[in-house]
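All chains are named by letter (A, B, ...) in the order of the sequence lines, taking the proteins before the strands, and each is independently numbered beginning at 1. Values below: every heavy atom of this structure, side chains too, minus hydrogens, waters and symmetry copies.
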Amino acid sequence: MSLEPTFRNIRGTFDILPRDGRSEGAHDMPSRAWQHVEQVVREVLERFNFQEIRTPILEPTELIARGVGQLTDIVTKEMFAFRRGDTNYVLRPEVTAPVMRAYLQHRIDQQGAVQKFYYIGPCFRAENPQKGRYRQFHQFGVELIGAETPEADAEVIAAMMAVYEAFGLKNLRLRINTLGDAESRPRYREALRTYLLPLADRLTPTSRHRLETNPLRILDTKDERERRLLEGAPRIIDFVDEKGRAHYEAVKAHLQALGIAFEEDPFLVRGLDYYTHTTFELESPDLGAQSALAGGGRYDLLAMDLGHDAPVPAVGFAAGIERLFIALQAQRYAFPEEPPLDAYLVSLGEEAMRWALVEAQALRRAGLRVDLDLKGRSMKAQMREANRQQARYAVLVGERELAEKRAVVRDMRSGQQQEVPLDELTDFLKGTVRVSS
RNA sequence: GUGACCGUAGCUCAGCUGGUUAGAGCGCCAGGUUGUGGCCCUGGAGGUCGGGGGUUCAAGUCCCCUCGGUCACCCCA
């Protein structure tokens, strides 16, 4: 199973293979399925006029630390970071901060219009892997930058839901909440602390620690006893000012108008510091412990956290592709089948093999999907290969055919075969293939 | 970082209370058809039983360590 001197993929990563082979270190879906998922994602998001942005996988560590937040789990313990020369690098653990960085760097804000970006690609987090969690994982998401209206929030959530709708996923649960803004949050934080302080001895050690560092994070505890303690805790919404509350109410109204079902969860806080106002999370019952399919929210303060001189309103979501796959498999999603080979060239003898090599090129130029034997195997073995590849036709050529300038073309479904002059092969295969498909 | 469970051919697994040359199905290769697939039949290749150490006359089977996997905690996608 494992030979010492051979290499394996790094823990928490996987290879995506052309054919689904159940094997350690390989994703259980073939590359074709990944292409399909990516394609659907692109189509849906582009329908919303989100346009792709590609940023480097390598970013300055400081960008992530300031963007995501110094005290977040991501920054304190989950970054793949290293130093080289006098620069600190990270493999990006998320894409929102990099997109904002690009937006500011290229002065896209000067263009005035609302910017709608989408991205799709790998991210890295040094966590212990488990179901739906990897060290190199793949995300897609959108960032809508430059609009502070509740309609922008609704648009982002609508785009997110549209992706899952396109895949026909059912039983999804959308939860939303508001975290208020830079004014209300500190006030709420204090109120929450004041409430929890007398109960500190009944909290878990981590929560007790968070009481000092980041009290909001205690809200999303899974500990039953803590949840009960929190029932009487002050609610964020009561600290949000008139404007913030109106924003939240408007978002909810828009979601209703869009026919998007949701539930409010006053305890929904997210582990990234940049969120303000609207936050949301999409869950699937099919995922196991890592139940979040996607999440996001508004992050109006991120630009300033990154050193910009004015706030830049923005809202976005991020979604996990591996988790999408889990949900798709659980709901028996029908992935498109591998397109079959139009023809497999079977050759006998060196000369015929050379002919096949050249003929394959001609057929491919004519638009056909063609493969040929490159091992010089027996005819039987080549036929077996043609069958395995589910080729529509096997084209057999040996010395005899070469001399007579005609090939034996075998229909692999019916088993019927006929002779076709070599110079008519392209037209024959194209014509017949077109007719039969 | 912590915990639980698991680790025998490419894949899925069987190997009873430790005891002769470690097995099956699928897959792969070849033959049955001197130039032909899918079904069937026959044969073959492929395993340091994750690795190391220990107990024992004897270990895939027991003990320890280690590596890897899975799931969970934490948190997130």
Q | Out of B:A72, B:G68, B:C75, whichever nucleotide has its closest atom nearest the side chain of A:Q290 | A | B:C75

Q) With sugar-phosphate meaning primed atoms plus P, OP1 and OP2, does A:F140 contact a base, only sugar-phosphate, or nothing at under 4.0 Å between heavy atoms? A) nothing

Q. Taking the six-membered ring where the residue is Trp, are the ring centres of A:F325 and A:H27 under 6.0 Å apart?
A. yes

Q. So what does A:G25 touch, heavy atoms closer than 4.0 Å: a base, only the sugar-phosphate, or nothing?
A. nothing

Q | Whichever of A:P129 and A:E322 has its nearest RNA chain B nucleotide further upstream toward 5' | A | A:P129

Q.
By the 4.0 Å heavy-atom rule, please label A:A386 as base, sugar-phosphate, or nothing.
A. nothing

**Q.** Atom-to-atom span, CD1 of A:I326 to C1' of B:U70 - whole angstrom
**A.** 13 Å

Q.
List the residues meeting side-chain hydrogen bond (donor to acceptor under 3.5 Å, both in side chains) with A:Y248, not counting sequence neighbours, and say none if there are none.
A. A:E264

Q: Describe the nucleic acid contact of A:L324 in one word from base, sugar-phosphate, nothing, applying a heavy-atom distance below 4.0 Å.
A: nothing

Q. Does a distance-only test, which skips hydrogens and angles, find a donor-acceptor pair under 3.5 Å between the side chain of A:E127 and the base of B:A77?
A. yes

Q. In whole angstrom, what separates A:Q130's CD from B:G3's P?
A. 16 Å

Q) How close or far is atom P of B:A77 from atom CH2 of A:W34, stated in whole angstroms? A) 16 Å

**Q.** Over all atoms of both residues, closest heavy-atom pair of A:Q331 and A:G168
**A.** OE1-O, 4.0 Å

**Q.** Watson-Crick and G-U pairing of RNA chain B written in dot-bracket, each distance under 3.5 angstrom, with | for inter-strand partners
**A.** (((((((..((((.....[...)))).(((((.......))))).....(((((..]....))))))))))))....

(Q) Within the 4.0 Å limit for protein heavy atoms, which parts of nucleotides 26-42 of chain B are touched? Write it as a string from 5' to 3', B for base, S for sugar-phosphate only, - for none. (A) --SSS-B--BBBB----

Q) B:G68 P sits how many Å from A:N128 CG, rounded? A) 11 Å

Q: Send over the distance from A:R135 CZ to B:C74 P, rounded to a whole Å.
A: 18 Å

Q) What integer distance in Å separates A:H27:NE2 from B:G69:C1'? A) 16 Å

Q: Could you tell me the separation between the CD1 atom of A:I10 and the C1' atom of B:G69, rounded to a whole number of Å?
A: 16 Å

Q: With sequence neighbours excluded, give me every salt bridge (charged side-chain N to carboxylate O under 4.0 Å, His left out) pair touching residues 321-333 of chain A.
A: none

Q: For A:F14 and B:G69, give me the distance from atom CZ to atom P, rounded to whole Å.
A: 14 Å

(Q) So that I can tick it off, tell me whether A:E338 and A:R32 are bridged by a salt bridge, with the cut-off set at under 4.0 angstrom between side-chain N and carboxylate O. (A) yes

Q) Does A:F50 have its ring centroid less than 6.0 Å away from the ring centroid of A:Y118? A) no

Q) Listed in order of residue number, which residues of residues 63-82 of chain A have a non-hydrogen atom at under 4.0 Å from RNA chain B? A) A:D73, A:K77

Q) Is the phosphate of B:G69, meaning OP1 or OP2, less than 4.0 Å from a side-chain N or O of A:R11? A) yes

Q) Of the nucleotides B:G69, B:A77, B:C74, which one has an atom closest to the side chain of A:R210? A) B:C74

Q: Any ring pair (Phe, Tyr, Trp, His ring centres under 6.0 Å) involving residues 154-179 of chain A? Give me the pairs, sequence neighbours left out, ordered by first then second residue.
A: A:F167-A:Y333

